2 protein chains.
Amino acid sequence: MAQKVKLSTIAEALGLSTATVSLALRDSPLVADITRERIKEKAVELGYIYNRRAASLRTSRSGIIGVVVHDIMNPFYAEILKAIETELDRSRQTFILSNHYDSVEKQRNFIETLLQLGGDGVIMSPAIGTPASDIRLAEDNGMPAILIARSVPEIDLPTFRGDDAYGTTLATNHLISLGHTRIAMIGGTDHTSTGRDRYAGYANAMKAAGLELESALRIPGPRTKQSGFEAAVNFLANPLKPTAAVCWNDLVAIGLMNGIARAGLVPGRDISVTGYDDLEEAAIATPALTTVWNGQSEVGRFAARALLDKLNGSSEADGLHLIKPEMRIRQSTGPLHPGGTR
Amino acid sequence: MAQKVKLSTIAEALGLSTATVSLALRDSPLVADITRERIKEKAVELGYIYNRRAASLRTSRSGIIGVVVHDIMNPFYAEILKAIETELDRSRQTFILSNHYDSVEKQRNFIETLLQLGGDGVIMSPAIGTPASDIRLAEDNGMPAILIARSVPEIDLPTFRGDDAYGTTLATNHLISLGHTRIAMIGGTDHTSTGRDRYAGYANAMKAAGLELESALRIPGPRTKQSGFEAAVNFLANPLKPTAAVCWNDLVAIGLMNGIARAGLVPGRDISVTGYDDLEEAAIATPALTTVWNGQSEVGRFAARALLDKLNGSSEADGLHLIKPEMRIRQSTGPLHPGGTR
DNA sequence: GTCAATGATTCAAACGTTTTAACAAAGTAA
DNA sequence: TTACTTTGTTAAAACGTTTGAATCATTGAC
């Protein structure tokens with residue numbers, strides 16, 4: 001490797017001071033146009049590489065933003081992350097991604113690393129059980145945080161997520177409007193705020209329509225295809241003979257449809273199924289899945305903007321911001337057959 | 001935010017010099033045990049945060065490693081990235097992930113950013129059309145690079161990937177052994193070395209079995225579910241009436257199976273389909289997908305180790321390292337029906 | 001012909017670490 | 001006692017940038 005090229009290398013080559021070179025490269029109006037030109041040419045010629053660590057040491061802005069979620073490979077986060085990436089790219093910030101796999105410890109490690117690197121801010125989907133102190137660690141050290149997907153008790157920072165209760169209400173109402181009355185809810189847990197909200201949305205819609213809320217129709221479970229697939233047995237053997245299912249997410253729904261098909265029934269005709277998230281996969285499933293678009297891209301976009309705003313000292317948007325979900329009606333739901341298979 | 005705590009804050013609080021504090025925190029044997037204890041306690045008490053930028057300015061080791069692939073959300077990279085994460089975590093390196101979406105420009109931007117941040121090294125799955133100069137940019141500035149998944153012409157760096165030609169040969173031979181003769185190859189492109197290798201493996205197996213190599217049976221395309229789904233039309237309408245398909249990867253295969261199912265045929269009985277990669281999803285697809293395990297976890301692990309070795313100045317492992325793939329036989333392939341649906 | 005204003009450039013002090021060489025104090029050997 | 005080690009600590013210079021204040025020419029106004 002050749003000798004490192006730095007500001008002073010350029011300065012010496014041109015008989016100028018590093019101050020001038022520094023200003024010129026950042027297009028300061030303080031330096032004469034002709035000088036700026038010469039400097040920029042020289043910089044390219046010598047293959048100068050800006051040293052951000054040195055700069056940030058002086059300016060205390062690193063241009064680094066951290067993003068930590070449960071699992072970046074999880075398709076649920078795909079759109080959120082993509083939206084964040086687009087927003088941050090636009091303002092030339094580098095972003096560092098990390099998984100916490102719902103380990104509070106791994107999450108704290110990440111926050112500490114980010115602080116060490118002088119991160120300007122952090123966007124996080126907090127791990128289950130995140131203590132308020134971990135968030136304050138970031139804030140107290142001058143690294144503002146934005147929350148997505150989940151809230152943290154005692155923390156009142158800008159928080160963005162889909163309106164889960166409203167979303168499952170949409171799905172349930174859709175099924176009710178098709179004539180279904182015995183509607184199950186499949187997958188998910190009551191241990192997260194998301195879980196409780198989604199169930200509440202379903203329950204409210206049922207009650208509003210004057211339908212019975214049967215606890216046997218609630219089949220909780222992991223949020224995976226596998227789990228949906230396995231739930232099919234339970235669902236089909238249910239003595240209440242449900243004709244429709246509101247699923248926790250698209251993965252569960254697709255798994256359930258596979259299970260139903262395996263049993264010789266046709267999803268969308270014999271049994272109506274709704275998903276949640278509107279993953280890319282939903283549209284190409286067989287049958288194409290009726291689902292609820294969760295507003296992930298909006299969540300990502302808003303979260304990134306809120307952070308950038310905060311960094312620029314402008315408006316605060318503390319508190320919860322709910323994105324309104326929308327129905328995506330496809331072929332996995334259909335009218336109740338009066339004298340149908342079941 | 002309280003006043004920033006730095007080495008000198010601790011030093012003053014204890015009537016010591018920053019030198020001693022610095023050494024103590026890094027467990028140098030130069031400082032007395034009792035002093036070290038006092039220093040460490042004070043550091044915790046004051047909430048000291050190590051400033052890596054300042055340190056790296058002095059040491060020129062940042063502890064940052066860059067990883068850039070086509071699309072980190074693509075499940076193909078999931079296992080590779082997980083393996084890299086595990087390896088790098090172990091040696092306390094922070095890693096910065098980025099997508100290049102096969103844009104050479106975006107990739108170069110990332111390399112430049114990484115250089116600016118003082119990255120210690122980079123692991124990359126190079127974008128299609130990556131010029132050798134972009135790789136040299138990294139190397140020439142003291143940032144060693146390791147390649148995964150793809151090679152770059154004229155570049156002889158440690159490169160890790162699956163043996164693609166061998167893998168598609170395995171898949172093709174499997175179909176041939178089931179009696180199929182009209183076997184299509186679906187998805188992918190000839191613009192990458194991977195693409196050419198996979199096709200070569202298929203072509204060689206066909207020729208070795210004395211089968212005709214029809215160009216109409218090559219249906220290239222993007223490497224997504226969507227693309228596989230769309231290819232089904234083309235595949236089913238093909239005048240050569242192929243009975244089996246070697247797909248570029250699992251995503252294409254699953255998309256194709258969905259498309260085949262949509263047309264009323266049964267994948268695994270009417271049409272045999274093989275995937276490639278053995279994603280988690282392959283095992284729970286309907287029908288379960290016969291595929292080729294690509295050795296991704298090995299690729300990630302070896303690549304990370306090779307980089308760490310290089311950073312520690314130890315052995316060089318320049319050149320290509322091929323991981324041997326293995327067949328995973330499931331239900332999406334079956335014997336040719338002599339008087340089958342087609 | 002002095003003074004002030006303007007424009008371009010530079011000085012020098014930071015930013016928070018690490019590290020080499022030097023130093024002081026105390027112990028050891030003669 | 002002196003000379004030499006050993007042990008623990010520190011002074012000070014570096015790393016490469018930014019920035020407020022200072023400098024130095026020019027030019028214009030009176």
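Hydrogens, waters and symmetry mates are skipped; everything else that's a heavy atom, side chains included, is used. Below, chains carry the letters A, B, ... as their sequence lines are ordered, and counting in each starts from 1. Since the structure is predicted, the reported quantities are computational estimates derived from the model, not experimental observations.
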Polar atom pairs between nucleotides 15-19 of chain C and protein, under 3.5 Å, N or O only, would you list them?
from	atom 1	to	atom 2	distance (Å)
C/dC15	O2	A/Arg58	N	3.4
C/dG16	OP2	B/Lys6	NZ	2.7
C/dG16	N2	B/Ala54	O	3.1
C/dT17	OP1	B/Tyr48	OH	2.9
C/dT17	OP2	B/Leu7	N	2.9
C/dT17	O5'	B/Tyr48	OH	3.3
C/dT18	OP1	B/Tyr50	OH	3.1
C/dT18	OP2	B/Ser22	OG	2.3
C/dT18	O2	B/Arg58	NH1	2.1
C/dT19	OP2	B/Arg26	NH1	3.1

Partners passing side-chain hydrogen bond (donor to acceptor under 3.5 Å, both in side chains) against A/Thr18 (at least two apart in sequence or in another chain): none
Partners passing side-chain hydrogen bond (donor to acceptor under 3.5 Å, both in side chains) against A/Asp89 (at least two apart in sequence or in another chain): B/Lys106
Contacts of [X] that satisfy side chain to side chain contact (heavy atoms under 4.5 Å, CB included) - sequence neighbours left out:
X	answer
A/Ala78	B/Met73
B/His70	B/Tyr77, B/His100, B/Asp102, B/Arg223
B/Ala132	B/Arg136, B/Glu154, B/Ile155

Within a strict 4.5 Å, meaning less than it, do heavy atoms of the [X] and [Y] side chains meet?
X	Y	answer
A/Ile148	A/Met124	no
B/Leu157	B/Lys310	yes
B/Lys4	A/Ser60	no

DNA chain C-proximal residues of residues 30-39 of chain A, any heavy atom under 4.0 Å: A/Leu30, A/Val31, A/Ala32, A/Thr35
Sugar-phosphate, base or nothing in reach of A/Gly15, heavy atoms under 4.0 Å: sugar-phosphate
Results of salt bridge (charged side-chain N to carboxylate O under 4.0 Å, His left out) for B/Asp164 - residues two or more places apart only: B/Arg161, B/Arg198
Net bend of the helix from C/dG1-D/dC30 to C/dA30-D/dT1, end axes of five pairs each, nearest 10 degrees: 60°
Pairwise side-chain hydrogen bond (donor to acceptor under 3.5 Å, both in side chains) hits with a residue in residues 22-36 of chain B, at least two apart: B/Ser22-B/Arg26, B/Asp27-B/Lys40, B/Asp33-B/Arg36
Residues 298-308 of chain B, side-chain donor-acceptor partners within the protein, below 3.5 Å, at least two apart:
from	atom 1	to	atom 2	distance (Å)
B/Glu298	OE2	B/Arg301	NH2	2.7
B/Arg305	NE	B/Glu87	OE1	3.1

For atom CG of A/Asp27 and atom C1' of D/dT18, their distance in whole Å: 16 Å
Nearest-angstrom distance from the residue atom CG of B/Leu16 to P of D/dA11: 11 Å
Between B/Thr130 and B/Arg150, a side-chain donor and acceptor under 3.5 Å: no
Check the interface with nucleotides 25-27 of chain D: list each N/O to N/O pair with the protein under 3.5 Å, or write none.
none

Charged N-O contact under 4.0 Å between A/Lys82 and A/Glu79: no
